[in-house]
**Q** 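Sharing a structure, written as structure tokens. Questions coming.
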Amino acid sequence: DLAASLDAISEKGTDAFYKGAIADAIIKASGAKGGILAKPDFEQYAVRELKPVTCTYRGYEITSSPPPSSGGIIICEILNVLEGYPLSYLGAGSAETVHVMVEAMRYAYVDRNSALGDPDFVDNPVSKLLDKAYAKDIRDKIDPFRAGVSQDLMPKGFGESKETTHYSIIDDAGNAVAVTYTLNGSFGAGVVADGTGILLNNEMDDFTQKPGVPNLYGLVQGEANAIQPKKTPLSSMSPTVVAKDGKPFMVIGSPGGSRIITITLEAIVNVIDHGMNIQEAIDAPRIHHQWLPDKVYVEPFGLSPDTEKLLAGMGYHLDLADQTWGQAAGILVGGKSLAEIEKGGGARYNGAIDSRAASGEALGY
Ligand code: DON
């Protein structure tokens, strides 16, 4: 059959494929399985002739495919980064070579997956991605001794978070509201009530299913939170307003399951005790402990290596996470930090969204 199709194409040219019996057969096969291919998809197809992507690597000239393939750009971007490393000295397959290659790939694929698309629809940032200066910026960000963390490179507004939602609001009259709402797990029970668009939650997991058995967030809970008729499960949601002399000082909260509590707590401590501004207080690496499991969870770069050693020496079990958690949203009233508030003259409302957040913004009104 394939030979017959190829014969038809070689005798009648591309029309045999796009306008003849072959197209009809493909449309039929697609339709039989619920596909939506139609005649115009074939009839209107036209090859685009595009300028190839070019770059140089150690004096060699590379010519490769342009968008809608990402191939040429991404090969060039990775080569531009690698040009700054003495690969032949480091050797094929050495840890150093693999390290710099993987990090260059990591950065380039973030660009591929977030910025590139069909050039008829997307303004591809080709010259930026092929710029040797951009490659140097990437090299400057690569830690020579440590693997990068992909999650840390998540571009803003890239997809929607799977987490619970928190927002902090303060209006012109000074009324402050902190709101956290949740389906518990991502998509809750995974069931939509027909015709409503409303998802059913799986909040039953917030109850103690069985004393001693950890729930979705690893919480080991007892009888007080047992399932009973008409009872509400114990939550960790912590929408919080901190006031000073009866007036709102800070509005704060976050998603994060059982970690919501420590996320919110640490933001407050960072502002009040450590003098951080609201953005720094939210962005600072977090630690978390929830009794069981008996571990101190530490975000990437949360502790210095000597602090880690000191804590381990004190008997702590550190769990050095490779991912961050939470998406705090906060407002500080009267200044960005306690110091600015005390000096006077800071902005009235100072919003901050977690730099970990996949989406979300601090907005004025
Ligand atoms: O109420 C609670 O404590 C949980 N249902 C919250 C779940 C949550 O934050 C999930 N998203 N990160």
Side-chain angles (χ1 to χ4, degrees), residues 149-152 154 156-169 177-193 198-241 251-268 281-293 295-300 302 319 321-330 352-362:
V149 178
S150 289
Q151 198 62 30
D152 293 351
M154 190 63 76
K156 273 269 175 213
F158 195 70
E160 200 179 336
S161 133
K162 292 181 184 150
E163 301 211 56
T164 293
T165 299
H166 175 86
Y167 50 89
S168 299
I169 295 183
V177 184
V179 176
T180 313
Y181 70 92
T182 188
L183 287 166
N184 195 38
S186 178
F187 269 90
V191 175
V192 184
I198 293 171
L199 281 153
L200 305 192
N201 69 49
N202 61 345
E203 289 295 338
M204 289 296 281
D205 182 73
D206 276 345
F207 276 122
T208 309
Q209 303 154 21
K210 198 158 118 182
V213 174
N215 76 352
L216 195 60
Y217 301 101
L219 289 168
V220 178
Q221 311 178 92
E223 284 294 338
N225 188 31
I227 300 174
Q228 278 178 273
K230 313 236 191 278
K231 198 170 170 189
T232 300
L234 193 65
S235 173
S236 299
M237 292 190 288
S238 316
T240 302
V241 176
V251 194
I252 185 77
S254 178
S258 56
R259 301 178 189 205
I260 292 174
I261 297 169
T262 53
I263 294 166
T264 306
L265 163 99
E266 285 166 36
I268 296 171
I282 283 174
D283 287 349
R286 298 175 171 134
I287 56 159
H288 173 74
H289 194 284
Q290 58 180 37
W291 175 47
L292 291 174
K295 286 179 178 175
V296 184
Y297 296 94
V298 183
E299 279 192 334
D319 186 312
D322 57 8
Q323 292 208 346
T324 59
W325 55 83
Q327 291 192 12
I353 184 76
D354 208 317
S355 62
R356 300 162 181 82
S359 52
E361 257 179 290

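Order of listing sets the numbers, starting from 1, for every ligand and every atom in it.
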**Q** What residue and heavy atom of the protein are closest to atom 3 (O) of ligand 1, and at what distance?
**A** S236 N, 2.6 Å
**Q** Has H166 got a side-chain atom pairing as donor or acceptor with V179's backbone, closer than 3.5 angstrom?
**A** yes
**Q** Measure across P293 and G218 and return the closest heavy-atom pair with its distance rounded to 0.1 Å.
**A** CD-O, 3.9 Å
**Q** Purely on distance, is any nitrogen or oxygen of G257 under 3.5 Å from one on ligand 1?
**A** yes
**Q** Quick one: does S254's side chain have a donor or acceptor within less than 3.5 Å of a partner on T264's backbone?
**A** no
**Q** Has E203 got a side-chain atom pairing as donor or acceptor with N184's backbone, closer than 3.5 angstrom?
**A** yes
**Q** Could you tell me whether a side-chain N or O of R259 sits under 3.5 Å from a main-chain N or O of S236, the two making a donor and an acceptor?
**A** no
**Q** Looking only at heavy atoms of Y217, does any of them come nearer than 4.0 Å to an atom of ligand 1?
**A** yes
**Q** Return the residue, atom name and 0.1 Å-rounded distance of the protein heavy atom closest to atom 1 (O) of ligand 1.
**A** S235 OG, 2.6 Å
**Q** Where on T182 is there a heavy atom closer than 4.0 Å to ligand 1, on the side chain, on the backbone, on both, or on neither?
**A** side chain
**Q** Given that the side chain starts at C-beta and the backbone is N, CA, C, O, which of these parts of D206 lies under 4.0 Å from ligand 1, counting heavy atoms, or is it both or neither?
**A** side chain
**Q** Below 4.0 Å, non-hydrogen atoms only: which portion of E203 touches ligand 1? Side chain, backbone, both or neither.
**A** side chain
**Q** Say whether, by atom type as modelled, one donor and one acceptor occur between the side chain of T165 and the main chain of Y181 under 3.5 angstrom.
**A** no
**Q** Which pairs pass side chain to side chain donor-acceptor pair (under 3.5 Å) with one or both residues in residues 211-225, sequence neighbours excluded?
**A** Q221-N225
**Q** Going by the order shown, which atoms of ligand 1 are within less than 4.0 Å of some heavy atom of I260?
**A** 9 (O)
**Q** Look at atom 8 (C) of ligand 1 and say which protein heavy atom is nearest, naming residue and atom and giving the distance to 0.1 Å.
**A** T164 OG1, 2.6 Å
**Q** Short N/O distance, under 3.5 Å, between G256 and ligand 1?
**A** yes
**Q** What atoms in ligand 1 come closer than 4.0 Å to a heavy atom of E163?
**A** 11 (N), 12 (N)
**Q** OG of S238 to CD1 of I263: how many Å apart, nearest 0.5 Å?
**A** 9.0 Å
**Q** Give the atoms of ligand 1, by number and element, whose distance to some non-hydrogen atom of M237 is under 4.0 Å.
**A** 1 (O), 3 (O)
